[in-house]
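Structure first, commentary second.
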Amino acid sequence: MNFLKRTYLLRRYFKPEIVRGYSSIPYQDLTLPMDIQTLEDEVITTPDGSRSVQKLKVFCDSIILVENQENQQKADRVWFQGKWFGCRSSRLSENTPLKHWTATFVECLDVEPETKLDVGGSDGDENESGRS
């Protein structure tokens, strides 16, 4: 199902490991073709007050992982319009010949280092370094 897809950055996390006495979560940045659609914003309450965060619906031929505490798996993140979005739900749709993964992502509130990779999928909303 490669029509309507652009290349986006997906960050895949691995099990935490101890490096020099500190816990570290290794990750791998994958460049995958995806169809990303914006959804309605969600209002969440933080200790600093209410904030509106953006939600996305993502279609991809590759597996997308959600958080799994039992396996110590942190949810995948996608870089879109200069922001990181964390995967909230993911399911495999096999009911048609166009087998694919459908996932829901929500804008991340925690600050993570910005990507410096030049990944496609930009509609002019972000510059070459991924900063907006």
Side-chain angles (χ1 to χ4, degrees):
M1 191 172 104
N2 284 329
F3 59 94
L4 300 178
K5 291 190 178 174
R6 292 183 173 171
T7 304
Y8 293 95
L9 179 69
L10 181 87
R11 182 161 285 176
R12 168 85 29 95
Y13 294 92
F14 301 105
K15 275 189 165 186
E17 52 188 45
I18 304 298
V19 177
R20 296 184 190 136
Y22 295 95
S23 179
S24 174
I25 302 175
Y27 62 85
Q28 177 183 15
D29 286 335
L30 306 168
T31 305
L32 299 173
M34 297 182 232
D35 176 24
I36 297 182
Q37 301 173 5
T38 56
L39 297 173
E40 74 281 352
D41 287 0
E42 178 179 298
V43 176
I44 60 169
T45 304
T46 66
D48 298 328
S50 294
R51 179 172 173 190
S52 178
V53 293
Q54 188 177 359
K55 290 177 23 177
L56 306 173
K57 188 168 193 174
V58 175
F59 302 91
C60 184
D61 293 335
S62 300
I63 187 171
I64 298 176
L65 301 177
V66 296
E67 186 168 327
N68 183 330
Q69 289 191 354
E70 183 177 311
N71 295 333
Q72 296 181 333
Q73 173 70 49
K74 188 174 175 181
D76 286 347
R77 290 187 176 189
V78 68
W79 182 255
F80 182 72
Q81 295 181 343
K83 300 176 204 164
W84 283 110
F85 292 80
C87 184
R88 285 276 177 92
S89 66
S90 178
R91 65 177 167 78
L92 178 61
S93 298
E94 294 184 289
N95 56 337
T96 70
L98 301 176
K99 179 176 99 169
H100 62 280
W101 289 85
T102 304
T104 305
F105 284 77
V106 176
E107 183 181 341
C108 296
L109 296 179
D110 57 332
V111 179
E112 187 168 320
E114 296 179 18
T115 180
K116 295 197 186 306
L117 297 177
D118 182 17
V119 180
S122 174
D123 291 329
D125 294 331
E126 56 188 322
N127 63 25
E128 293 294 315
S129 69
R131 296 180 183 190
S132 53

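Heads up: numbering here begins at 1 and tracks the sequence. Scope of the values below: all heavy atoms of this structure, side chains included, with no hydrogens, waters or symmetry mates.
Residue S93 holds its OG atom at 8.0 Å from CZ of F59, rounded to the nearest 0.5 Å. Rounded to the nearest 0.5 angstrom, D41 CG and Q54 CD are separated by 6.0 Å. To the nearest 0.5 Å, atoms CD (Q69) and NZ (K74) are separated by 12.5 Å. The CH2 atom of W101 sits 13.0 Å away from atom CG of L32, with the distance rounded to the nearest 0.5 Å. Atoms OH and OG1, on Y8 and T31 in that order, are 12.5 Å from each other to the nearest 0.5 Å.
The hydrophobic clustering, which links ILVMFWY residues whose side-chain heavy atoms are closer than 4.5 Å, places I25 and F14 apart. Hydrophobic clustering of Ile, Leu, Val, Met, Phe, Trp and Tyr side chains at less than 4.5 Å, counting indirect connections, unites F80 with L30. Cluster annotation: L109 and V106 are assigned to the same hydrophobic cluster (Ile/Leu/Val/Met/Phe/Trp/Tyr, side-chain heavy-atom contacts under 4.5 Å, transitive). L56 and L39 fall into different hydrophobic clusters, where Ile, Leu, Val, Met, Phe, Trp and Tyr are joined by side-chain heavy atoms under 4.5 Å apart, directly or via other members. Tracing side-chain contacts under 4.5 Å through hydrophobic residues (I, L, V, M, F, W, Y), one reaches L65 starting from L92; they form part of the same cluster.
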W79/R77 under side chain to side chain contact (heavy atoms under 4.5 Å, CB included): CA gap, chis, key distance, verdict: CA-CA 7 Å; W79 182 255; R77 290 187 176 189; over 6 Å; no

Side chain to side chain contact (heavy atoms under 4.5 Å, CB included) between W84 and R11, intermediate numbers included: CA-CA 9 Å; W84 283 110; R11 182 161 285 176; 3.6 Å; yes

Side chain to side chain contact (heavy atoms under 4.5 Å, CB included) between T102 and S90, worked out: CA-CA 6 Å; T102 304; S90 178; over 6 Å; no

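S24 approaches P26 most closely through the heavy-atom pair O-CD, 3.4 Å. Between C87 and F105, the shortest heavy-atom contact is N-CD2, 3.4 Å. Listed here is the closest heavy atom pair of D76 and I63: OD2-O, 4.3 Å.
Contact check for K55 versus R88: no side-chain heavy atoms found under the 4.5 Å cut-off. In this structure the side chain of M34 reaches within 4.5 angstrom of the side chain of L10, judged on heavy atoms.
Remark: the backbone N or O of R12 is not paired with any side-chain donor or acceptor of Q28 at under 3.5 angstrom.
Atom CD of Q37 sits in a crowded spot, with more than 12 heavy atoms from other residues, nucleotides or ligands closer than 6.0 Å.
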